[in-house]
Structures are given as structure tokens and as C-alpha cells.
Asker: 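My questions will all concern the structure given below.
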Amino acid sequence: AALALTPTATPTLALALTLTPTLTLTLTPTPTLALALALALILALALAQVRAGELVAVVGQTGAGKSSLCAAMLGEMVQRQGAPLVAPRSAAYCAQAAWILNATVRENIVFGEAFDSARYAEVLRCCQLDADLAALPHGDATEIGERGITLSGGQKQRVAIARAAYSARPLCILDDVLSALDPEVASAVFEECILGLLAGTTVILVTNRLDLAPRCDRVVLVEADAHGVGTIAQMGSHDSLLGQGGAYAALLAESSVSQLSASEQDGKRATKQATKLAAAGQATEAAGAPDAAATKEAAAAATTAKAGAAG
């Protein structure tokens, strides 16, 4: 976005905000605090535009309001002003806690849409569900949910992601869906489903995995203000936000320190466990080894017995 201040013949100023090469918003505010605040709000909302087909990562500390942002986009929060953010039936949504219908796996994924075997097979592959279905007694015809087979948390989440991917909606909102998956599975789902199958779809991905941010087209940093109200603190590409410094760069640095500390702790635990196993192995070996003196004595006794038998 480009900002330009142009003096006029009157005490007011004309403020031009260029969002795209074809869209320019010109405002002529009067010098009042209320209008200045309103202008700041308009600029913040204008800069929060997301282009179609973009992959947008929403990041921030726990409790900053990331899930609330998803709820606001879906019309699940009280909207005080403005038009709805998302048109009806234009978005697919996958929550942090996977929602599973008491039905078969296929019915959970297709969810009332027309069945397309080719797309269905592709969704299963990209969501890493092929091996899981092969292990179920009746494959994708196995009933899951309250009265069916109990799935693990990761399996439920991948079924929910598959449902959102199969729907082929132009907007897909994924609220921290990768956190319930093993790291390797999460990386595969991100690569094959979010970057691959959903390419061209506008995807809003709430995530705590900041290592994925450089792979996204845009990053939105949500922070809670002094009153606990979530606000969009920064927005832009990963590189541009990193170059600006500020809250996003600080969050990345904090995350890196936390990951390093966790790795060190894992290393210490692994070393301690290896030491315990080595000590236990030595103790077992010592317990299983025969006493040298007793062995010598037994050998002597055996020799004497043979000599007596020979005599």
C-alpha cells in the first residue's frame, strides 16, 4: 500500500491510499481526534485485505485472539458495523478440536457434497489417510464417532481437514489444525494438502509453527492489547515483517530460544536415559558373569573327581 499526503487550498488534507494499481481511496478528514481515530481504523481495515488465492498464516501468542479472528470471519461474533466478511457457503472451516459426525469415514469427508471419486482419492492421499483406512475393518465404510470406531486425535483432525479440502470452497479457514498431528505427518499435510491440493484457494492458517511462516504468502500477527482485545499488530510477507523488526521479529526470536531450550532439555533427557540403560546393562552383565574364584574352585573339584574315578 502507498500513502500520499497532498495539501489543498483548504486547511484539510487529502489522503490517498493505494491498495492495488486500480484501487485508490481518497479521504479528506477534518482535524478532529474522533475522525483521526476513525481514519486509523479505516486504514487498518483496508490494509487487512487478503488477495484471492493467498495462503495467510495467522500467528500470535496464546490468547491473542487468533481463533476469535476466525470466528469473526465466519460471522460467529457480534459485528457492530460493516458488511459480513464472508459470503454464505463460501468458506470451509476446520476447528482446533476436530468435529466428527457419527457416520462412516466417507460420509464425514464428503459431507453431503456430490461424490467425485478422483478428488476423493486425492484428498485421502494428501491428508495422509490411506494407511489409516487400510487398517480400519471396513475401510472408508467404517463407522466412526460416538457409536463407531474410536479414532486417535490426529486421525480425527485429518478427517476434518479432508472434509474442508474436499468441499472445494474458495475460502478455507484452518484454526491450528496441525498442532494435533505428529511433526512428520503435519509437514506432509502442509506440503501436499495446504500447499498442493489447496493451491489457488484462499487459505487462512492459524498456526503456532512459525517455521511455516516463510512458506506463506502473507503473515498476520495478532496481539492482545492492554484490555485483552485482539488486534492485528502487523501484516505482510515474512521477509518484510522480519525486516521491520518489532513484535513479529521478537516473536520469532522468542520461539527460536524456546525451541533451542526444548532441544537442550531433550538432549539432557536422552543422555540421562542412555546413562541409566548403560548402568543397568553393566549391572546385568555383572550379575550374570560367574565368580572367578568359584569357577576356579569348581574346575579343581571336577579335576579331583575325574582323578578319583580313574583310580
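Position 1 is the first residue of the sequence; numbering continues from there.
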Asker: Taking all non-hydrogen atoms of both residues into account, name the closest pair between Ala92 and Ser167 and its distance.
Answerer: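 Taking Ala92 first and Ser167 second, the nearest heavy atoms are CB-OG, 3.3 Å.
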Asker: So does Ala188 get a backbone contact from the side chain of Glu191, meaning a donor-acceptor N/O pair under 3.5 Å?
Answerer: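 Absent.
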Asker: Would you call Leu124 and Ile109 a side-chain contact if the rule is heavy atoms closer than 4.5 Å?
Answerer: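 The answer is yes, as the side chains (C-beta and beyond) meet within the 4.5 Å cut-off.
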Asker: As a quick check of understanding, evaluate side-chain contact (heavy atoms from CB on, under 4.5 Å) for Thr104 and Ile144, giving each step before the final call.
Answerer: CA-CA 6 Å; Thr104 66; Ile144 58 177; over 6 Å; no
Asker: Just do the side-chain contact (heavy atoms from CB on, under 4.5 Å) check on Val56 and Asp217 with the steps written out, would you?
Answerer: CA-CA 6 Å; Val56 181; Asp217 300 305; 6.0 Å; no
Asker: Of the non-hydrogen atoms in Asn102 and Gly145, which two are nearest, and what is the gap between them?
Answerer: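 So the two residues come closest at OD1-C, 3.5 Å.
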Asker: Is there a side-chain contact between His138 and Leu133 (heavy atoms, below 4.5 Å)?
Answerer: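 In short, these two side chains do not touch, never coming nearer than 4.5 Å.
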Asker: Going by distance alone, is a donor N or O of one side chain under 3.5 Å from an acceptor N or O of the other, for Glu192 and Gln128?
Answerer: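 Their side chains do contain a donor-acceptor pair, which is all the 3.5 Å distance test asks for.
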Asker: I want to check something: taking the side chain as every heavy atom from C-beta on, are Trp99 and Arg163 in contact at a cut-off of under 4.5 Å?
Answerer: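 Yes, at least one pair of side-chain atoms sits under 4.5 Å.
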Asker: Which value, rounded to the nearest 0.5 Å, describes the distance between Leu174 atom CG and Gln96 atom CD?
Answerer: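 Atom-to-atom, Leu174:CG and Gln96:CD are 11.5 Å apart.
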Asker: Tell me whether Glu113 is salt-bridged to Arg169, with the criterion being a basic N under 4.0 Å from an acidic carboxylate O.
Answerer: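 Salt bridge: yes.
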Asker: Could you measure the distance from the CG atom of Asp140 to the CG atom of Asp130? Nearest 0.5 Å is fine.
Answerer: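 Here the interatomic distance stands at 10.5 Å.
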Asker: Measuring from Ser187:OG to Leu181:CG, what's the distance to the nearest 0.5 Å?
Answerer: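 So the gap between those two atoms works out to 9.5 Å.
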Asker: As an exercise, state the distance from SG of Cys216 to CZ of Phe190, rounded to the nearest 0.5 Å.
Answerer: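 Interatomic distance, Cys216 SG to Phe190 CZ, rounded to 0.5 Å: 4.5 Å.
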Asker: Minimum heavy-atom separation for Cys126 to Cys193, with atom names?
Answerer: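 Smallest heavy-atom distance, with atoms named: O-CB, 3.8 Å.
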Asker: Could you pull out the closest heavy-atom pair between Leu210 and Pro214, with the gap in Å?
Answerer: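 Where Leu210 meets Pro214 most closely, the heavy atoms are O-CD, 3.6 Å.
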Asker: Which heavy atom of Gln157 sits nearest a heavy atom of Cys94, and at what distance?
Answerer: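 It is OE1-SG, 3.4 Å.
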Asker: Applying salt bridge (Lys or Arg N to Asp or Glu O under 4.0 Å), can you list everything that pairs with Glu143, at least two apart in sequence or on another chain?
Answerer: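 So Glu143 forms no salt bridge (Lys or Arg N to Asp or Glu O under 4.0 Å) with any residue.
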Asker: Go through Tyr248 and Val59 one step at a time and tell me if the side-chain contact (heavy atoms from CB on, under 4.5 Å) criterion holds.
Answerer: CA-CA 9 Å; Tyr248 180 70; Val59 301; 4.1 Å; yes
Asker: Going by side chain to side chain contact (heavy atoms under 4.5 Å, CB included), Leu251 matches just one of Glu223, Gln234, Gln61. Which one?
Answerer: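 Exactly one pass, corresponding to Gln61.
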Asker: Calculate, to the nearest 0.5 Å, the distance between atoms CD1 and OG belonging to Ile173 and Ser67 respectively.
Answerer: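 The distance works out to 11.5 Å.
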Asker: Closer than 3.5 angstrom, by distance alone: can the side chain of Ser240 be matched with the main-chain N or O of Gly236 as a donor-acceptor pair?
Answerer: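 Pair absent, no side-chain N/O of Ser240 close to backbone of Gly236.
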Asker: Would Asp176 and Lys66 satisfy side-chain contact (heavy atoms from CB on, under 4.5 Å), going step by step from the backbone distance to the final call?
Answerer: CA-CA 9 Å; Asp176 200 19; Lys66 302 186 294 295; over 6 Å; no
Asker: Find out if a path of hydrophobic residues (ILVMFWY) with successive side-chain heavy-atom gaps under 4.5 Å connects Leu212 to Leu252.
Answerer: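 Not linked; separate clusters.
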Asker: Is any NZ, NE, NH1 or NH2 atom of the basic residue among Arg125 and Glu122 found under 4.0 Å from an Asp or Glu carboxylate oxygen of the other?
Answerer: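 A salt bridge is present here (some side-chain N lies under 4.0 Å from a carboxylate O).
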Asker: Among the clusters formed by ILVMFWY side chains lying less than 4.5 Å apart, do Ile194 and Met73 turn up in the same one?
Answerer: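 No, it is not one cluster - the side chains of Ile194 and Met73 are not joined through contacts under 4.5 Å.
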Asker: If Ile, Leu, Val, Met, Phe, Trp and Tyr residues are connected whenever their side-chain heavy atoms lie under 4.5 Å apart, and connections chain through other members, are Ile149 and Val105 in the same group?
Answerer: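 Looking at the clustering, Val105 is in the same group as Ile149.
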Asker: Ignoring hydrogens and geometry beyond distance, is a side-chain donor-acceptor pair present between Asp132 and Gln155 at under 3.5 Å?
Answerer: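 Looking only at side-chain atoms, Gln155 and Asp132 do form a donor-acceptor pair, the distance falling under 3.5 Å.
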Asker: Any salt bridge (charged side-chain N to carboxylate O under 4.0 Å, His left out) involving residues 177-187? Give me the pairs, sequence neighbours left out, ordered by first then second residue.
Answerer: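 Those involving residues 177-187 do not exist here.
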Asker: Show me the donor-acceptor pairs within less than 3.5 Å that the side chains of residues 195-207 make with the rest of the protein, sequence neighbours left out.
Answerer:
from, atom 1, to, atom 2, distance (Å)
Thr202, OG1, Gly53, N, 2.8
Thr207, OG1, Arg209, N, 2.9

Asker: What distance do Leu171 atom CG and Ser90 atom OG have between them, rounded to the nearest 0.5 Å?
Answerer: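 If I round to the nearest 0.5 Å, the distance is 6.0 Å.
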Asker: Determine whether the aromatic ring centres of residues Phe111 and Tyr166 are separated by less than 6.0 angstrom.
Answerer: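 Ring centres of Phe111 and Tyr166 not closer than 6.0 Å.
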Asker: Specify the closest pair of heavy atoms between Gly60 and Leu221, including all atoms of both residues, with the distance to one decimal.
Answerer: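 Scanning both residues, the minimum pair turns out to be CA-CD1, 4.0 Å.
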Asker: Report whether Tyr93 and Ile161 are members of the same hydrophobic cluster (ILVMFWY, side-chain heavy atoms less than 4.5 Å apart, transitive linking).
Answerer: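 Different clusters.
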Asker: Applying a strict under-4.5 Å side-chain criterion to I, L, V, M, F, W and Y, I'd like to know whether Leu136 and Ile100 cluster together.
Answerer: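 Result: yes, single cluster for both.
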